[in-house]
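For reference, the structure discussed in these notes is given below.
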Amino acid sequence: MRAVLVRSPGGPEALELAEVPDPEPGPGEVLLDVVAAGVNRADLMQREGRYPPPPGASGVLGLEVSGTVAALGEGVEDSTELRVGDAACALLAGGGYAERVVAPAGQVMPVPAGLDLVDAAALPEVAATVWSTVFMSAGLRPGEVLLVHGGASGVGTMAVQLARQAGAVVAVTAGSERKLRACADLGASVLVDYSRQDFVEEVRAATGGRGADVVLDVVGGPYLERNLQVLATGGRLVQVGMQGGRRGELDLGLMTSKRLSLLGATLRARPVDGPDGKAAICASVVEHVWPLVAEGTVRPVVSERVAVPRGTSAAAADAVRRAHADLEAGAHVGKVLLVWERSVA
Ligand SMILES: NC(=O)c1ccc[n+]([C@@H]2O[C@H](COP(=O)([O-])OP(=O)(O)OC[C@H]3O[C@@H](n4cnc5c(N)ncnc54)[C@H](OP(=O)(O)O)[C@@H]3O)[C@@H](O)[C@H]2O)c1
């Protein structure tokens with residue numbers, strides 16, 4: 001099969017396509033023929049050598065795919081409803097930029113009814129991230145205010161839609177009017193251009209001085225102080241990214257006086273099993289998020305499908321490099337997908 005490899009850490013030019021042996025499903029694993037793979041910001045960091053795969057994970061990039069079930073490992077037939085030939089999408093610890101991948105059965109999910117198989121690759125990472133943090137951990141409730149930093153990102157576009165469906169009021173930050181308009185179309189009602197506005201002032205003004213009940217943050221250190229300021233009493237800060245840096249100053253006085261909670265989470269390094277494991281998160285996503293996708297009230301936002309031509313030619317490698325360069329450039333709203341050309345009708 002073809003897989004995308006990083007010969008040595010660097011920019012998009014470090015990405016290469018090579019023929020490698022097919023993976024074999026072990027006990028409890030599922031082999032998928034991959035149709036499309038989501039490109040995540042974490043992949044850019046891994047390519048640069050700043051985000052190594054967790055122990056035991058594939059060294060091939062790629063945290064999510066869609067495709068069809070090619071084979072079931074030992075014991076899977078008894079433990080799930082998955083069958084060979086089924087359309088599926090999967091959350092991965094790695095290995096998704098390849099024509100075939102193995103995943104623990106608990107991380108392989110059906111494709112929501114009516115959804116295009118390519119677009120299904122845009123869902124696992126963002127749905128699992130947002131559902132497990134904003135809803136399972138921070139318990140966002142109807143009528144509460146959620147502030148989403150980077151509202152037009154892959155994660156942000158899912159957070160805005162799920163929070164609206166849950167009856168929350170959604171505030172977002174983004175760096176341009178175009179991105180803010182996209183967030184408004186998805187259901188955000190408080191729009192903050194962080195390049196010229198202060199999100200603490202804007203969210204307070206829009207909420208009668210109360211602030212946000214939950215903040216979903218991807219910026220990190222530089223936003224820590226203002227994130228605590230913008231939270232209402234009883235507020236929860238959910239930290240899932242650190243694009244601006246991992247260190248900041250924590251005002252414990254604010255935390256205690258407003259009874260704030262700081263919740264950090266990462267998906268990739270979690271165990272598969274157990275109450276907080278990835279299989280439990282995927283099961284909860286299928287139960288709560290997939291019906292909203294099937295009825296069309298929540299949708300994957302796909303900015304770009306990058307087709308990877310057949311073979312391991314320079315053109316095929318260039319396509320993968322372009323997908324990374326596009327995500328890095330940051331003009332996208334939602335997700336960028338790689339689509340293996342053999343899979344496109
Ligand atoms: N913890 C987890 O399990 C987990 C899982 C998935 C993703 N993540 C993290 O979530 C983040 C988003 O991932 P993604 O793949 O969805 O990335 P993405 O689509 O590339 O989006 C990155 C976003 O960050 C925004 N941003 C950058 N600086 C900002 C600032 N100062 N204020 C507000 N927004 C800012 C950008 O918006 P502008 O262009 O408007 O600046 C852009 O929309 C990443 O940090 C990623 O590592 C964490």
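For the numbers below, each heavy atom of this structure counts, side chains included, while hydrogens, waters and symmetry mates do not. What you see is a predicted model; the values in this text were computed from it and never measured.
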Derivation and outcome, salt bridge (charged side-chain N to carboxylate O under 4.0 Å, His left out), residues R47 and E328: CA-CA 12 Å; R47 189 201 68 215; E328 224 149 42; 2.7 Å; yes
Practice problem: Take V148 and V215 through the side-chain contact (heavy atoms from CB on, under 4.5 Å) test and state the conclusion after the steps. | Solution: CA-CA 6 Å; V148 182; V215 174; over 6 Å; no
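In this structure, the side chain of K278 does not engage the main chain of G106 through any donor-acceptor pair within 3.5 Å. Between the S132 side chain and the M136 main chain, no donor and acceptor come within less than 3.5 Å of each other. A donor-acceptor pair under 3.5 Å links the side-chain atoms of R321 to the main chain of L15, judged by distance alone. Using modelled atom types, no side-chain atom of E144 and backbone atom of P142 make a donor-acceptor pair closer than 3.5 Å. One N or O on the side chain of T297 and one on the backbone of L292 form a donor-acceptor pair closer than 3.5 Å. Formation of a donor-acceptor pair under 3.5 Å by the K335 side chain with backbone atoms of E304 is not found in this model. Checked by atom type and distance alone, the side chain of R41 pairs as donor or acceptor with a backbone atom of L327 at under 3.5 Å. Side-chain atoms of T68 do not come within 3.5 Å of backbone N or O of A87 as any donor-acceptor pair. The closest donor-acceptor contact from the side chain of R270 to the backbone of D276 lies under 3.5 Å. Between the side chain of Q165 and the backbone N or O of Q161, no donor-acceptor pair lies under 3.5 Å.
By the 4.5 Å heavy-atom criterion applied to side chains, L92 and V102 are not counted as neighbours. Side-chain contact between L123 and V293 is present, with heavy atoms from C-beta onward closer than 4.5 Å. Two residues are said to be in side-chain contact when any heavy atoms from C-beta on lie closer than 4.5 Å; P309 and E341 meet this criterion.
L117 and V301 end up in the same hydrophobic cluster when Ile, Leu, Val, Met, Phe, Trp and Tyr side chains are linked at under 4.5 Å. Connection of L267 to L63 is not established within any shared hydrophobic cluster, with ILVMFWY side chains joined at heavy-atom distances below 4.5 Å, either directly or through further cluster members. M242 and L228 fall into different hydrophobic clusters, defined by Ile, Leu, Val, Met, Phe, Trp and Tyr side-chain heavy atoms under 4.5 Å apart, directly or through other members. Note on L263: it clusters hydrophobically with V219, by side-chain heavy-atom contacts below 4.5 Å among ILVMFWY residues.
Side-chain rings of H149 and F199 approach one another, their centers coming within less than 6.0 Å.
A distance of 8.5 Å separates CG of L237 from CG of L260, quoted to the nearest 0.5 Å. Taken from CG in L91 to CZ in R268, the straight-line distance is 10.5 Å, to the nearest 0.5 Å. Rounded to the nearest 0.5 Å, atoms CG (L140) and CG (L162) are 10.0 Å apart.
Heavy atoms only, all atoms of each residue included: V69 and A88 are closest at CG2-CB, 4.2 Å. The two atoms that bring A159 and V130 nearest to each other are CA-CG1, 3.6 Å, heavy atoms only. Residues A98 and W340 come closest through the heavy atom pair O-NE1, 3.1 Å. Between P124 and M109 the shortest heavy-atom distance is CB-CE, 3.8 Å. Nearest heavy-atom pair, A122 versus V126, reported as atom, atom and distance to 0.1 Å: O-CG2, 3.4 Å. Counting all heavy atoms, side chain and backbone alike, C183 lies closest to V172 at CB-CG2, 3.7 Å.
D217 has no carboxylate O lying under 4.0 Å from a charged side-chain N of R226, or vice versa, which leaves the two without a salt bridge.
Side-chain contact annotation: Y51 with D43, donor-acceptor N/O pair under 3.5 Å absent. Between E125 and N40, the side chains place no donor N or O within less than 3.5 Å of an acceptor N or O (distance only, hydrogens not considered).
Each of D198, V169, V230 was evaluated against V203; a single residue qualifies, V230, per the side-chain contact (heavy atoms from CB on, under 4.5 Å) test.
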